Participant: 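Just dropping this structure here.
Excluded from the calculations below are hydrogen atoms, water molecules and symmetry mates; all remaining heavy atoms, backbone and side chain alike, are included. Values in this document were obtained by computation on a predicted structure and should not be read as measured data.
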Amino acid sequence: MPHAHENATAQTREPGDRWRAVYACRTATSRGRLVEEPGSATRNPFQRDRDRIIHSTAFRRLKHKTQVFVSHEGDHFRTRLTHTIEVAQIARALARALGLDEDLAEALALAHDLGHTPFGHTGEDALDECMVGFGGFDHNAQTLRIVTRLERRYADFDGLNLTWETLEGLVKHNGPLLTADGKPTERYAKTGIPVAILEYQEKQDLWLDSHASAEAQVAALADDIAYNAHDIDDGLRAGLFDLPELRVVPFLAGLLDEIDRLHPGLERSRATNELVRRVITRFVEDVIAESEARIAALAPTDADAIRRAGAPVVAFSPAIVEADKAIKGFLYPNMYRHPRIGVIRKEAADIVRDLFVRFKAQPQAMSSEWAAGCEKLDEARLSRRIADYIAGMTDSYALDEHRRLFDATPSLR
């Protein structure tokens with residue numbers, strides 16, 4: 001089957017060359033920002049979005065937020081920041097191969113985890129429990145809250161005042177939030193759409209019932225690819241499992257056989273790196289091939305045709321979908337629910353819950369900026385402010401706050 005872009009130009013194109021497809025998002029047709037601003041003399045709107053994200057306080061905090069392992073467990077394990085950088089690299093590669101806007105894809109990748117709590121998904125789950133009855137806690141909604149409200153850097157507006165295309169991609173990171181008849185999709189069927197998203201939707205319609213741009217779809221799959229690859233790497237580094245155990249996943253067994261055939265007797269550390277790079281390469285190449293086929297079948301004439309497609313156009317093939325499930329099926333019991341990790345997860349959840357309960361009883365125990373005016377808030381708004389405060393903490397700051405307020409603090413080791 002011919003590539004989707006073969007008719008776009010008669011010129012010879014080398015691997016990695018830039019080109020622009022008709023279905024790519026374009027700054028010239030951007031739906032703009034909520035607060036109008038003068039243009040930049042040196043950057044287009046999506047580049048400004050990317051730069052604002054990188055310079056945000058929330059982005060810097062990712063350095064000290066858990067991916068799977070708490071930062072003091074070792075210097076070589078991924079943090080939220082290094083994970084984010086890896087996602088951005090993969091997203092750029094996919095965007096370039098598919099003729100998409102690299103700057104938008106990169107901005108979405110760099111911002112996708114800004115709303116995560118300390119201690120990874122454990123912290124998010126604990127905070128969500130604390131917020132039952134007050135709208136719950138969802139890290140995607142928190143990301144929107146950060147970039148539209150909580151970051152306070154500019155004289156003319158709260159948040160980062162990002163373009164519509166970036167906000168849309170962040171909110172619809174996992175697909176549409178509403179069905180065609182206006183009901184929450186399966187992800188939000190029980191909890192409802194997060195309040196933060198609904199509140200912003202009243203200011204600027206983000207098309208919650210459609211898929212996001214191809215650039216946003218690229219960023220979402222880049223997240224999955226990075227997760228699989230680096231969690232295998234970190235799990236091996238931590239000694240939670242060893243290379244031979246990965247052979248229960250047929251996809252990984254094939255890659256290990258290839259490595260053994262090409263490099264017999266290769267030392268463990270190099271074999272691990274060879275495996276990780278092959279996982280990324282095979283997944284990336286699969287996304288490009290599958291997406292080109294879907295795009296060719298759809299024949300979109302602009303970015304909105306991608307949004308209206310009714311299904312993702314950037315996707316894994318059925319074979320790689322199965323490989324992805326198998327890898328996650330291995331990692332879940334052998335890494336995410338490993339007894340060693342389980343002890344840390346329980347202790348981390350206790351820290352988040354302890355902090356929430358203490359701040360709820362004594363709002364003045366928060367830093368002065370966050371404690372100011374709490375006496376005027378009803379219970380729901382006070383709970384949301386506490387959730388904002390805790391979600392913004394790094395692992396180390398949450399531990400320090402717990403030590404300040406409690407007689408005993410878990411070591412998370």
Participant: Check for a donor-acceptor pair, side chain of D395 on one end and backbone N or O of F119 on the other, with a separation under 3.5 Å.
Facilitator: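 Checked: pair present.
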Participant: Under 3.5 Å, side chain of R268 to main-chain N/O of L236, donor-acceptor pair present?
Facilitator: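 Yes, because the side chain of R268 sits within donor-acceptor range (under 3.5 Å) of the backbone of L236.
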Participant: What residues form a side-chain hydrogen bond (donor to acceptor under 3.5 Å, both in side chains) with R61, not counting sequence neighbours?
Facilitator: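 With sequence neighbours excluded, R61 shows a side-chain hydrogen bond (donor to acceptor under 3.5 Å, both in side chains) to no residue whatsoever.
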Participant: For Y397, enumerate each residue passing the ring pair (Phe, Tyr, Trp, His ring centres under 6.0 Å) test, keeping only those at least two apart in sequence or located in another chain.
Facilitator: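 Once residues adjacent in sequence are excluded, Y397 has no partner under the ring pair (Phe, Tyr, Trp, His ring centres under 6.0 Å) criterion.
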Participant: Would you say R80's side chain and H64's backbone share a donor-acceptor pair under 3.5 angstrom?
Facilitator: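 A pair under 3.5 Å: no.
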Participant: Residues in salt bridge (charged side-chain N to carboxylate O under 4.0 Å, His left out) with D209, at least two apart?
Facilitator: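 With neighbours one apart ignored, the set is empty.
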Participant: When you measure from the side chain of E347 to the backbone N and O of L412, does any donor-acceptor pair fall under 3.5 Å?
Facilitator: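 Pair found, side chain donor or acceptor close to backbone of L412.
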Participant: By side-chain hydrogen bond (donor to acceptor under 3.5 Å, both in side chains), which residues pair with T29, not counting sequence neighbours?
Facilitator: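 Expected list: none.
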Participant: Q362 and L405: side chain to side chain contact (heavy atoms under 4.5 Å, CB included), yes or no, with the steps?
Facilitator: CA-CA 11 Å; Q362 299 175 340; L405 296 168; 5.6 Å; no
Participant: Rounded to the nearest 0.5 Å, what separates atom CG in L98 from atom CD in E292?
Facilitator: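 Interatomic distance, L98 CG to E292 CD, rounded to 0.5 Å: 6.0 Å.
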Participant: Taking only residues two or more places apart in sequence or in another chain, which ones pass ring pair (Phe, Tyr, Trp, His ring centres under 6.0 Å) with Y200?
Facilitator: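 In terms of ring pair (Phe, Tyr, Trp, His ring centres under 6.0 Å), with neighbours along the sequence ignored, Y200 is linked to no residue.
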Participant: Run the numbers on I344 and R340 for side chain to side chain contact (heavy atoms under 4.5 Å, CB included), then give the verdict.
Facilitator: CA-CA 7 Å; I344 296 174; R340 277 173 52 192; over 6 Å; no
Participant: Between E401 and R358, is there a salt bridge with N-O shorter than 4.0 Å?
Facilitator: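 No, this pair does not count.
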Participant: Do any pairs count as a ring-ring contact (aromatic ring centres under 6.0 Å, His included) and have a residue in residues 285-316, sequence neighbours left out, and if so which ones?
Facilitator: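 Residue pairs with at least one partner in residues 285-316: F283-F316.
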Participant: Go through N334 and L240 one step at a time and tell me if the side chain to side chain contact (heavy atoms under 4.5 Å, CB included) criterion holds.
Facilitator: CA-CA 7 Å; N334 291 286; L240 301 182; over 6 Å; no
Participant: Has D302 got a side-chain atom pairing as donor or acceptor with A305's backbone, closer than 3.5 angstrom?
Facilitator: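 It does hold such a pair.
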Participant: Less than 4.0 angstrom from a charged side-chain N to a carboxylate O is my criterion; do E369 and R152 meet it?
Facilitator: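 So E369 does not pair with R152 through a salt bridge.
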Participant: Just by distance, do the side chain of E215 and the backbone of C25 share a donor-acceptor pair under 3.5 Å?
Facilitator: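 Yes, E215 side chain to C25 backbone: donor-acceptor pair under 3.5 Å.
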Participant: Parallel under 30°, tilted from 30 to 60°, perpendicular over 60°: which one fits the rings of Y332 and Y336?
Facilitator: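 Rings of Y332 and Y336: perpendicular, as their planes differ by over 60°.
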Participant: Out of the candidates I225, V279, L221, only one should pair with V284 under the side chain to side chain contact (heavy atoms under 4.5 Å, CB included) rule; please name it.
Facilitator: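 Of I225, V279, L221, side chain to side chain contact (heavy atoms under 4.5 Å, CB included) with V284 is met by I225 alone.
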Participant: Check L108, L144, L160 against L167 for a side chain to side chain contact (heavy atoms under 4.5 Å, CB included) and give me the one that passes.
Facilitator: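 The side chain to side chain contact (heavy atoms under 4.5 Å, CB included) with L167 is passed solely by L144 among L108, L144, L160.
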Participant: Does the pair R282/D286 count as a salt bridge with the N-to-O cut at 4.0 Å?
Facilitator: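 Between D286 and R282 there is no salt bridge, as every charged N stays at least 4.0 Å from the carboxylate O atoms.
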Participant: Does any N or O in the side chain of T185 come within less than 3.5 Å of the main-chain N or O of L177, such that one atom is a donor and the other an acceptor?
Facilitator: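 Here the side-chain-to-backbone pair exists.
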Participant: Under a 4.0 Å N-O cut-off, is there an ion pair linking R18 with E102?
Facilitator: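 Counted as a salt bridge, because a side-chain N and a carboxylate O are separated by less than 4.0 Å.
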Participant: Are any of the side-chain heavy atoms of Q217 and I306 separated by less than 4.5 Å?
Facilitator: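 Yes; the side chains approach each other to less than 4.5 Å.
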Participant: So L62 and T79, do their side chains get closer than 4.5 Å, heavy atoms only?
Facilitator: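 Heavy-atom side-chain distance check fails, nothing below 4.5 Å.
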Participant: Please step through side-chain hydrogen bond (donor to acceptor under 3.5 Å, both in side chains) for the pair S383 and K360, ending with a clear verdict.
Facilitator: CA-CA 7 Å; S383 297; K360 192 80 173 284; 3.2 Å; yes
Participant: Mind checking salt bridge (charged side-chain N to carboxylate O under 4.0 Å, His left out) for E86 and listing every partner two or more places apart, or none if nothing turns up?
Facilitator: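 Testing E86 for salt bridge (charged side-chain N to carboxylate O under 4.0 Å, His left out), a comparison that skips the adjacent residues, returns R78.
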Participant: Does some side-chain heavy atom of K172 sit less than 4.5 Å from a side-chain heavy atom of S210?
Facilitator: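 Side-chain contact under 4.5 Å: yes.
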Participant: Could you tell me whether the side chain of N140 reaches within less than 4.5 Å of the side chain of L170, counting heavy atoms only?
Facilitator: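 Side chain of L170 against side chain of N140, heavy atoms only: no contact under 4.5 Å found.
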Participant: Counting N and O atoms only, with roles assigned by atom type, does the side chain of E124 sit under 3.5 Å from a partner on the main chain of H139, one being a donor and the other an acceptor?
Facilitator: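 Side chain of E124 to backbone of H139: a pair is present.
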Participant: Do L94 and V314 have side chains that approach each other closer than 4.5 Å (heavy atoms only, starting at C-beta)?
Facilitator: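 No - every pair of side-chain heavy atoms lies 4.5 Å or more apart.
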Participant: Judged by atom type as modelled, is there a donor-acceptor pair below 3.5 Å linking the side chain of S291 to the main-chain atoms of A315?
Facilitator: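 Yes, because the side chain of S291 sits within donor-acceptor range (under 3.5 Å) of the backbone of A315.
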Participant: Among pairs that include at least one residue of residues 158-181, which meet ring-ring contact (aromatic ring centres under 6.0 Å, His included), considering only residues two or more places apart or in two chains?
Facilitator: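 Non-adjacent pairs meeting ring-ring contact (aromatic ring centres under 6.0 Å, His included): H112-H173, W164-W207.
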Participant: Would you say R384 and M131 make side-chain contact, with heavy atoms under 4.5 Å?
Facilitator: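 Yes - at least one pair of side-chain heavy atoms lies under 4.5 Å apart.
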Participant: So among D242, L246, D233, which one has a side chain to side chain contact (heavy atoms under 4.5 Å, CB included) with T272?
Facilitator: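 Answer to the side chain to side chain contact (heavy atoms under 4.5 Å, CB included) test with T272 among D242, L246, D233: D233.
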Participant: Only pairs at least two apart or in different chains count here, so list each ring-ring contact (aromatic ring centres under 6.0 Å, His included) that has a residue in residues 343-362.
Facilitator: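 Passing the test, one end in residues 343-362: F359-Y389.
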Participant: Report the residues that fulfil salt bridge (charged side-chain N to carboxylate O under 4.0 Å, His left out) with E151, sequence neighbours left out, ordered by chain and then residue number.
Facilitator: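 Salt bridge (charged side-chain N to carboxylate O under 4.0 Å, His left out) list for E151, sorted by chain: empty.
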Participant: For the side chain of R20 and the backbone of R26, is there at least one donor-acceptor N/O pair under 3.5 Å apart?
Facilitator: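 Looks like no, no N/O pair under 3.5 Å.
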Participant: Regarding R31 and D304, does a basic nitrogen lie under 4.0 Å from an acidic carboxylate oxygen?
Facilitator: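 A salt bridge is present here (some side-chain N lies under 4.0 Å from a carboxylate O).
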Participant: Under 4.0 Å between a side-chain nitrogen and a carboxylate oxygen: does that hold for E274 and R278?
Facilitator: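 The answer is yes: the pair qualifies as a salt bridge.
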Participant: State, without any angle test, whether T409 and R403 hold a side-chain donor-acceptor pair at a distance under 3.5 Å.
Facilitator: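 On atom types as modelled, these side chains do not qualify, holding no pair under 3.5 Å.
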Participant: Compare all side-chain heavy atoms of N161 with those of R52 and state whether any distance is below 4.5 angstrom.
Facilitator: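 Side chain of N161 against side chain of R52, heavy atoms only: contact under 4.5 Å found.
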Participant: Sequence neighbours excluded, which residues qualify as salt bridge (charged side-chain N to carboxylate O under 4.0 Å, His left out) partners of D257?
Facilitator: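 Per chain and number, D257 pairs via salt bridge (charged side-chain N to carboxylate O under 4.0 Å, His left out) with R247.
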Participant: For H338, enumerate each residue passing the ring pair (Phe, Tyr, Trp, His ring centres under 6.0 Å) test, keeping only those at least two apart in sequence or located in another chain.
Facilitator: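 Result, ring pair (Phe, Tyr, Trp, His ring centres under 6.0 Å) vs H338: none returned.
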Participant: Go through Q142 and D138 one step at a time and tell me if the side-chain hydrogen bond (donor to acceptor under 3.5 Å, both in side chains) criterion holds.
Facilitator: CA-CA 6 Å; Q142 191 68 13; D138 176 275; over 6 Å; no
Participant: When you compare the side chain of T27 with that of R48, does any pair of heavy atoms fall below 4.5 Å?
Facilitator: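 A side-chain contact is absent here, since even the closest heavy-atom pair is not under 4.5 Å.
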Participant: For the pair T143 and D113, evaluate side chain to side chain contact (heavy atoms under 4.5 Å, CB included) and give the outcome as yes or no after the intermediate values.
Facilitator: CA-CA 7 Å; T143 294; D113 269 355; over 6 Å; no
Participant: Between the side chains of D49 and T163, is a donor N or O closer than 3.5 angstrom to an acceptor N or O?
Facilitator: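 Looking only at side-chain atoms, T163 and D49 do form a donor-acceptor pair, the distance falling under 3.5 Å.
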